[in-house]
S.K.: 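This structure is in structure tokens; I'll ask about it shortly.
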Amino acid sequence: MPGVLGRIVQERAGDYAAASPELGPARPAARRFEAALSGPGLALIAEVKRASPSQGAIAPLDPATAARAYETGGAAAISVLTEPRHFDGNLQALHDVIGAVGLPVLRKDFVVHPAMLREAAEWGASAALLMVSVLGEATGAYLEMAHHLGLDALVEVHDEAELDVALKAEARIIGVNNRDLTTLNIDLAVSPRLIRLARQRGFAGVLVAESGYRTPDQIAEIRPLADAVLVGSSLAGSGDLGTAARQLMTP
Ligand SMILES: O=C(O)c1ccccc1NCC(=O)[C@H](O)[C@H](O)COP(=O)(O)O
């Protein structure tokens with residue numbers, strides 16, 4: 001895996017190399033994250049994102065305060081980055097956000113070990129991100145582990161081959177990332193193309209457009225196609241997160 005993605009995956013694998021892969025007992029599926037994205041209209045997943053490889057430092061957000069602002073601004077769910085080296089995230093941020101809002105919370109990380117899912121469930125997250133670019137054919141096994149733990153899974157794809165893997169794994173929620181994680185280039189045409197393709201292939205689950213959205217006009221393009229949109233940098237760096245969330249999503 002080339003580029004920054006390869007480096008992050010290697011680092012996260014090292015972080016969890018000594019962790020137990022035991023999941024523990026099965027937990028009931030609450031499906032709160034899925035339900036929050038399934039209502040009428042385009043739902044917003046607003047991301048607590050303090051830094052990133054593409055932007056460097058974005059804003060020194062207090063996670064709980066940021067999440068409350070997003071909730072006030074109309075978000076349907078919150079995404080919290082827990083990767084420490086490149087995104088300035090951590091599990092405490094996840095914990096703080098879960099305690100601060102009534103919305104379902106997604107653990108956004110580079111899941112490479114079952115312990116990362118166990119942690120997400122134990123800390124009270126509703127969902128975890130599973131990246132096909134990272135997990136490949138193991139995506140289905142990780143999806144089963146997430147469901148065993150009562151978690152929803154946002155299964156992320158960036159091209160047609162990855163979409164095929166997500167469909168074969170019987171993902172219920174598929175996210176299409178506009179950002180190529182090897183080059184970090186953003187192409188907002190990726191989500192519409194793959195979302196249409198997923199529907200043509202009979203996918204009846206939840207479809208999420210991810211990354212690169214900054215303006216209401218860009219949101220208008222994806223509104224008729226996606227069930228939800230995941231937005232991080234443009235909201236996190238806005239200075240007034242609640243107002244920015246509401247203005248972005250106002251048609
Ligand atoms: O954001 C990055 O630079 C990045 C680099 C390498 C791997 C992942 C990366 N981002 C993860 C995400 O998918 C985004 O945080 C999320 O979709 C929100 O994107 P944006 O609204 O563009 O911040």
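Worth knowing before you read on, the calculation uses all heavy atoms, side chains too, and leaves out hydrogens, waters and symmetry mates. Indexing begins at 1, ligand by ligand and atom by atom, following the structure's order.
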S.K.: To the nearest 0.5 Å, tell me how far R31 CZ sits from H147 NE2.
M.R.: 6.5 Å
S.K.: Would you name the heavy atoms of L130 and T139 that are closest together and state the gap between them?
M.R.: CD1-O, 4.4 Å
S.K.: Enumerate the ring-ring contact (aromatic ring centres under 6.0 Å, His included) contacts for residues 82-110, please, sequence neighbours excluded, ordered by first and then second residue.
M.R.: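 The answer is F87-F110, H95-W123.
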S.K.: If the condition is salt bridge (charged side-chain N to carboxylate O under 4.0 Å, His left out), which residues does D15 pass it with, not counting sequence neighbours?
M.R.: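 D15 satisfies salt bridge (charged side-chain N to carboxylate O under 4.0 Å, His left out) with R12, R85 once adjacent residues are dropped.
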S.K.: At less than 4.0 angstrom from any atom of ligand 1, which residues have a non-hydrogen atom? List them by chain and residue number.
M.R.: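 Answer by chain and number: E47, K49, S52, P53, S54, F87, K108, F110, N177, R179, L181, L184, E210, S211, G212, L230, V231, G232, S233.
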S.K.: Does CD belonging to Q55 count more than 12 external heavy atoms closer than 6.0 Å?
M.R.: yes
S.K.: Kindly list each side-chain donor-acceptor pair under 3.5 angstrom involving residues 235-251, sequence neighbours excluded, with atom names and distances?
M.R.:
| residue | atom | partner | partner atom | Å |
| --- | --- | --- | --- | --- |
| S238 | OG | L235 | O | 2.7 |
| S238 | OG | D240 | N | 3.4 |
| S238 | OG | D240 | O | 3.4 |
| D240 | OD1 | T243 | N | 3.3 |
| D240 | OD1 | T243 | OG1 | 3.1 |
| D240 | OD2 | T243 | OG1 | 2.8 |
| R246 | NH2 | T72 | O | 2.6 |
| T250 | OG1 | R246 | O | 2.6 |

